[in-house]
Amino acid sequence: MKYELVIGLETHVELSTDSKLFCSCGGHSSPKEPNDCVCPACSGMPGMLPVTNKHAIELAVKAGFMLNCKINQYTTFDKKSYYYPDLPAAYQITQWFHPVCVDGSVEIGDRTIGIKQIHVEEDAGKLVHDDATNTSFVDYNRTSVPLIEIVSRPDFRSSDEVIAYLKKLKSSLQFAGISECEEGAMRCDVNISVRPEGSDELGVRSEIKNMSSLSEIKDAIEFEKVRHVDAIERHTEMLVQETRRWDDVKRRTFPMRNKETAADYRYFPDPNLMPVIIDDEWLKEIRASMPATAEEKGRVYEEMGIAAKEAAVLASDRKLCEVFDFVVAEGRNPKTVASWILTECMGNMKRLELFSLDIAPEKLARIIELVESNEITRAAGKKILSAVFEKDVDVDKFCEENGLNAKIDEGMIQSIVEKVIAENDKAVGDYKSGKTKAMQSLFGLVMKELRGTGDPATIRTLLEEKLNA
Amino acid sequence: MKYFVNEISKDGVIAVDDTILVKGTPASAGSKMLENFTPLFSAEAVERLEKAGYGIKGKTNVGEFGLDLLGETSYFGETKSGESLVSAGAEAVKAGEVKATLSVDFNGYPRRAAAVSGVDFIKPTYGTVSRYGVISCVASGEQIGVTAKNAEDIKEILSVIAGHDEKDGTSLPQEKYEYSLTDNVSEMKIALVKELYEKASSDVKAKIDAYKANLEKLGAKVEEVSVDVVSEAQTAWQILMAAETCNNVSRFDGVKYGHRTAEYKNIDELYVKSRTEGFNFLTKATILYGSDVLAKGKYEACYDKSLRLRRIVTDKVKEVLSTYDALLLPACCDINYKSYDILESFDKVFEESVFTAIASITGLPAMVTGGVQLVADAFKESTLLSIADTVEKEEA
Ligand SMILES: [Zn+2]
């Protein structure tokens, strides 16, 4: 019999706000020491009251727009109670009764994945266990950091669809400035079951908790598929609805302690927080501030004359787009800029093992401007760019200090060419006797004298003129 | 009697219940759980008083989290005058120790206390005084109120502390409130709440009768009116109160601050032992009741229904207040309370709450004066203050 996977995802994403969800502690900046970023409110002291961060609501609404959701203009916050030391107030503020977005969808290739809802909630802190002293420590830096949870419908039929969805989610969220989606900042709970192909019934469901690496998610899904099918076909085990975790060392999933799944969270509306009313005007403002999606962006780049494949690479990464858009806006040729970013910048990123393009776009713009106006050679430009990557140097200063900036006039090249020809009788002789390769070594000598700054075409022309004279 | 659990300044003129934070002074809310807990900030109401030149004299002893009748469950000693239960905050005002006391009213304790001690107390409309800095039990109904000797002093202090505070999401937008004592009582119509009058002891009935006679002498009309939602208000309020309290005191778990048990083998034991040792019987009963009404499968029938009852009660009371200026009702059942078995406290408080639940669940302003309670429509504090002031001056 053939089986098919039925998968639903709950994806937690950290919102790019300046402060936490209900207090003014810096939310997104990464604090250095444990408990650096806490106040009486987010550490559960009595007397403090939560005040909703409006920006978090706006970002959640933007996510809703992107995923074609219906926005609930009346949305509320609710309390979810459980005891754990990483939860200082012993309840998490989340949206249980009236989530901000519902009923959306996402296209993955020719498939449509339904989105049940998107709700806003606060993150919990972190427990650190020291085995040496058998002591646990709590770090509340993350408590009350704003998250959205995007709950999909059980519409995925393969691990590839899941991965494609997560990749698309990540680039769209980055694009709209909703989330930085940094390494590990996107966490998934994967609900998975298996059923005979064509069946309408749902099989026994496992939930794999708290996954963040795409490759692990894929492996965990494949592992679960085999485990479920074996259980159905060969009765290797009795399937029960349970929560499991992926062990990346043992390369398999394990059931989690049952205690955590049996909890009754005693949800009720938080009376400290008035319902948030998103009126038409506010909704309009949020919609107006929506940036283009990665796909729209890619199409725009193609219209600028950039090849489809290159446009897609640029559009897939927000940082690349930001730099590209900036430099093009400075008046540089889009095709030239694309080539500088995709070849030279990405080359430097690879060489220095950088994950994102973090150079000042003004500097790239200046380098390209100098090259385009023939003030420096492309080779000199590359040299400066490497220095920008390595030491964040000032473009014009670096140019001057290294003798790269002087507009190399023909007169100067001419005198160097004459000097080189005068000093290298052998190479000149070789060339004249038909060994055209000798041209290359003479060219190299001229370049050396000019410290790599002369325009290669000019040098070549002048060399040929002199030698053939 | 000992009024203060912590004295702050000899020159202070205001007492603050130990459920309200004053920066740097321990705030224990009458509980062993918060013994030696020192807050990092002051309540907004305290800040406003200090800024206006009213010094804080000290923290007045209260029953654990303000859940009890009159302060009898305080870990720092029962508050008694002779054989009778009284509250430290009301007695400090009566004795002239301070001009006024700030208390948190959600379960009616400061209203009972004022009636028993023969002083005045006002619980203003929900949302007028910031709850920032209150050791919170019932966010949806608690308000800081003022105890003082007379309506004039209450008006003075309430004007200082009332007004919008952006740190409190439930604070109403109005920046300042102006209160007056000069509403014309002779033209008022007052509704005596029949169901609650009948529930009171003969001593309290006598107080109501006397107050009614005073009002009539001043030209006001007093009519007996049926407000047939008092039991609903009482039960719904108990459910909302217990559920919210259960949730809010969950943070007192021995992990971050406050009492932690001496020995424990794991986190579960730390929680259970710390909380078992830290809370008294009444708090534990409230936690159990509150966690039960929120449980899966009961939520709809208990908590959700109580939210709907809150609407029904509010509509009914507002309907009465559309033809009457105020309700006249007892503040409590008796005029004198003696010590009782603490294991009965949960039932005892429930019994008494029938008189105070109406104003707690609706968020309407309530005032205790001359041993009786008056309730008016939202933002009609001036009506209450004017009645109290006129009767007080008439009697003087
Ligand atoms: Zn904070």
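Nearest heavy atoms, B:Asn247 versus A:Lys79: OD1-NZ, 2.6 Å. Of all non-hydrogen atoms in B:Tyr126 and A:Pro271, the two that sit nearest each other are OH-O, 4.3 Å. Nearest heavy atom pair, residue A:Met45 against residue B:Arg251, reads O-NH1, 3.4 Å. Summarising the geometry of B:Leu21 relative to A:Gly47, their closest heavy-atom pair is CD1-CA, 4.0 Å, with the distance given to 0.1 Å. B:Glu166 and A:Val51 get closest at one heavy-atom pair: O-CG2, 3.6 Å. In terms of heavy-atom proximity, B:Phe41 sits nearest to A:Pro46 at CZ-O, 3.9 Å.
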Query raised in the report: After noting the C-alpha distance and the side-chain angles of A:Phe97 and B:Tyr299, does the key distance pass the ring-ring contact (aromatic ring centres under 6.0 Å, His included) rule?
Result: CA-CA 13 Å; A:Phe97 295 104; B:Tyr299 177 84; 5.5 Å; yes
**Report entry** Full working for side chain to side chain contact (heavy atoms under 4.5 Å, CB included) between A:Leu49 and B:Lys167
**Finding:** CA-CA 7 Å; A:Leu49 297 168; B:Lys167 299 186 292 303; over 6 Å; no
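B:Lys256 contributes no side-chain N or O that, together with a main-chain N or O of A:Gly44, makes up a donor-acceptor pair within less than 3.5 Å. Between the side chain of A:Arg266 and the main chain of B:Lys296, no donor-acceptor pair closer than 3.5 Å is present. In this structure, B:Tyr271 contributes its side chain and A:Tyr84 its backbone to a donor-acceptor pair below 3.5 Å.
The residue among A:Ala89, A:Ala41, A:Ser81 with the most heavy atom pairs within less than 4.5 Å of chain B is A:Ala89. Between chain A and the options B:Leu307, B:Val255, B:Thr170, the largest number of non-hydrogen pairs under 4.5 Å is found for B:Thr170. Chosen from B:Ser136, B:Ser140, B:Ser291, the residue pairing most often with chain A at heavy-atom distances under 4.5 Å is B:Ser291. For the set B:Ala139, B:Gly258, B:Ala29, B:Cys246, the count of heavy-atom pairs under 4.5 angstrom toward chain A peaks at B:Ala139.
Going from atom SG of A:Cys39 over to atom CG of B:Leu40 covers 10.0 Å, rounded to the nearest 0.5 Å. Atom CZ of A:Phe268 sits about 9.5 Å away from atom CG of B:Leu240, to the nearest 0.5 Å.
Both the backbone and the side chain of A:Pro85 have a heavy atom closer than 4.5 Å to some heavy atom of chain B. Interface remark: A:Tyr91 contributes side-chain atoms only to the contact with chain B (heavy atom separation under 4.5 Å). Neither the backbone nor the side chain of A:Ser136 comes within contact range of chain B, judged by heavy atoms closer than 4.5 Å. Only the backbone of A:Tyr267 comes within less than 4.5 Å of a heavy atom in chain B; its side chain stays farther off.
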